[in-house]
Protein chains: 2
Amino acid sequence: MRDVKPRLRQLEALMAVIDNGSLTNAASELNISQPAVTRLLTDLGNNLGFSLFDRRNGRLIPSQETRFLQPDIRRVLELMQQISDVSQELTERRAGHLRIACLPGFATSHLPNVVATFLEKRPSVSMTIEPDRPERILEWMIGEQYDFGITDDFAGHPAVESTDVQIRTVCVFPQNHPLETLDVITPADMANENIIHTKQNSEFFIGLAKAFQSAHVEFHSRVETRQFTAACELVCKGTGIAVVSALDAAKYVNQGLQFRPFRPIMPHQISLVRPITKQPSMVALEFIADFEQSLTPFLA
Amino acid sequence: MRDVKPRLRQLEALMAVIDNGSLTNAASELNISQPAVTRLLTDLGNNLGFSLFDRRNGRLIPSQETRFLQPDIRRVLELMQQISDVSQELTERRAGHLRIACLPGFATSHLPNVVATFLEKRPSVSMTIEPDRPERILEWMIGEQYDFGITDDFAGHPAVESTDVQIRTVCVFPQNHPLETLDVITPADMANENIIHTKQNSEFFIGLAKAFQSAHVEFHSRVETRQFTAACELVCKGTGIAVVSALDAAKYVNQGLQFRPFRPIMPHQISLVRPITKQPSMVALEFIADFEQSLTPFLA
DNA sequence: CCTTAATATAACATAATGTTATAATAAACA
DNA sequence: TGTTTATTATAACATTATGTTATATTAAGG
């Protein structure tokens, strides 16, 4: 076939002669015989249509045309090496891009620590993190727009693969609160408190309300909010007390918030989701495994 | 040989599949058979160590690893095409870089017009123009640091190839000067004028002085300067009159300077020089030819 | 169930790259 | 000035990469 474009091996040979000063040295550098280098360069010169070298004292000196092309040729060879290097990194899950959708609370609580740790040892990995409502997260999974999702109240979907995780919850209250004296908090202990809680149609709230009802304790609703992190903020400000997931509570301990185990055990179920029809990248699989592992200390 | 780097043809095949949506279409695009594309990609996948494609409905969808590499691969293919294109331009003398050394006067008189015209039709050609003294220009030629030199008072050198050009000279004087009434100016006409002239050890000055001596006319030296352009500036300012090369005079006509032919004919010899030991680029040869041609209207 | 589309495999052909042997050219050295 | 060394070029052959035709396999569409 007649193709006017030079071949990579030819450019490698050319650069080797430029860098090493002679055909003989270039051959040594490339681990091929000297006539092979001569052949490659003869073919290349004929292909390009100009003399690659001048002849000086029986040796080859790069022509000015060759020097003019040199930066581009070097760039090509560097890019090829980079493709090779990045491929190796991809195989070793040290390169790639992940797109993660999560509940807003996760973007500012547990997830950043896991991401930072993961990226620390993987300079060639990058991520997009998009917080949004569970409805939107589901849309993105179905539309294959994200590699991984962290959501709750997920009832399942044929196009979405999910892993449910039961996160331990705790009762949170402001520092120097009388509840500090208790080792475990029950609905009875919360009888005279203002309660900050999640949306009343959420699975978690329904369970919590039942726990109070079973204990014959009045539930004093003060603030309804979607995110555990918002609840924690309000608790810090003395608006009331709340039952939230342990990994949200952990973030606020140094901000004037205290917590104790809550009884009955009320796990908050989150779902780790992935589009069934989208083949995950190797690095995505590794991150998802790491993320699941990171939840271990918070399991119910 | 075991080489982990991918081959160019393989990357071309990969990009063709990404761009065209199927192996079958890629084969058509590359003008090869479909099994050839399959072979290239199978080899590439084995080489890189990860799956290039996912399989969806019996068709191939680029994997996320492939998508991650895509910008680099595209860049390599673009660069290869660019090398091919630039090579073509080099062959057609439409690309390259020239380094020109010239007498200071040339950098602001005749040369810029020639350069501008030359570059107008050659967007991929670039130049370095360095004005300096004849001694330095000679050094640069001997040291092969410049492709081309425009100098004078060049007595020859074994390492320097030169072409001598006799440039017509003219007598220049300010506008509204009595000499305006003459068609030709002789030393006799300049008897009562202040003369601005070149260095007294220059060939040109020696010749001019002899012309005055032969005519038995006193030479009123007022200013000695190296450059014809500086002489022209002084003439414009009424400091005196001068005999200078026609191509310098031409530049000052619109600045209040007038000129007339001088007799006896006193050509100013310039030398177009080039390092003998440095092979000129194709574009350099073309420029030198153009430059010589551009002097035709100014030949003695 | 048949047809069409797309991909994979096998066997063979061609082109590109590589080897060994040796010739040609030029510089260095005695 | 002749010999030795260094460097490049050429020839003949070998290996690898790429390409072909023929055909099998898989999946979707009608």
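To find a chain, count down the sequence lines: A is the first, B the second, and so on, and within it residues start at 1.
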Minimal non-hydrogen separation, Ala13(A) against Leu30(A), with atom names:
CA-CD1, 3.8 Å
As a test of reading the structure: which of dG19(D), dG18(C), dT7(C) is closest to the side chain of Ser33(A), going by heavy atoms?
dG18(C)
Atom CD1 of Ile61(B) and atom P of dA6(C) are separated, to the nearest Å, by 12 Å
Which listed nucleotide (dT8(D), dA6(C), dG19(D)) is nearest to the side chain of Thr24(B)?
dA6(C)
Can you establish whether the number of heavy atoms outside Glu144(A) located under 6.0 Å from its atom CD is more than 12?
yes
Distance check needed: dG18(C) C1' versus Arg7(A) CZ, whole Å only.
13 Å
Tell me the interatomic distance from Ile32(A), atom CD1, to dT20(C), atom C1', rounded to whole angstroms.
14 Å
How close or far is atom P of dA17(D) from atom CG of Leu30(B), stated in whole angstroms?
19 Å
From the options Val283(B), Ile288(B), Val115(B), select the one residue that forms a side chain to side chain contact (heavy atoms under 4.5 Å, CB included) with Leu98(B).
Val283(B)
From dG19(D), dT8(D), dG18(C), pick the nucleotide closest to the side chain of Arg55(A)?
dT8(D)
Just checking Arg39(B): base, sugar-phosphate only, or nothing, at a heavy-atom cut-off of under 4.0 Å?
base
Of the non-hydrogen atoms in Gln269(B) and Asp152(B), which two are nearest, and what is the gap between them?
O-CB, 3.5 Å
Criterion side-chain hydrogen bond (donor to acceptor under 3.5 Å, both in side chains) on Asn25(B) and Glu29(B), from CA distance to verdict
CA-CA 6 Å; Asn25(B) 288 348; Glu29(B) 172 74 19; over 6 Å; no
Here the distance between atom C1' of dT18(D) and atom CG of Asp43(B), to the nearest Å, is 9 Å
In whole angstroms, the gap separating P of dT18(D) from CG of Leu41(B) amounts to 11 Å
Between Pro131(A) and Ala107(A), which heavy-atom pair has the shortest distance, and what is it?
CG-CB, 3.7 Å
For nucleotides 24-30 of chain C, just jot down a letter per nucleotide in 5' to 3' order: B, S or -, based on protein non-hydrogen atoms under 4.0 Å.
--SS---
Contact class for Ser22(B) vs. all strands (heavy atom < 4.0 Å): base, sugar-phosphate, or nothing?
sugar-phosphate
Distance test, side-chain N/O of Thr38(B) to OP1/OP2 of dT7(C), below 4.0 Å
no
Rounded to the nearest Å, what distance is computed from the CG atom of residue Leu40(A) to the C1' atom of nucleotide dA15(C)?
13 Å
Arg9(B) has a side chain; which of dA11(D), dG19(D), dT8(D) sits nearest to it?
dG19(D)
Given Arg99(A), which partner from the list Trp140(A), Tyr146(A), Phe148(A) fulfils the side chain to side chain contact (heavy atoms under 4.5 Å, CB included) test?
Tyr146(A)
Check this for me: does the side-chain of Gln34(B) come within 3.5 Å of the base of dA6(C) through a donor and an acceptor?
no
Please report, rounded to the nearest Å, how far the P atom of dA5(C) is from the CG atom of Asn20(B).
17 Å
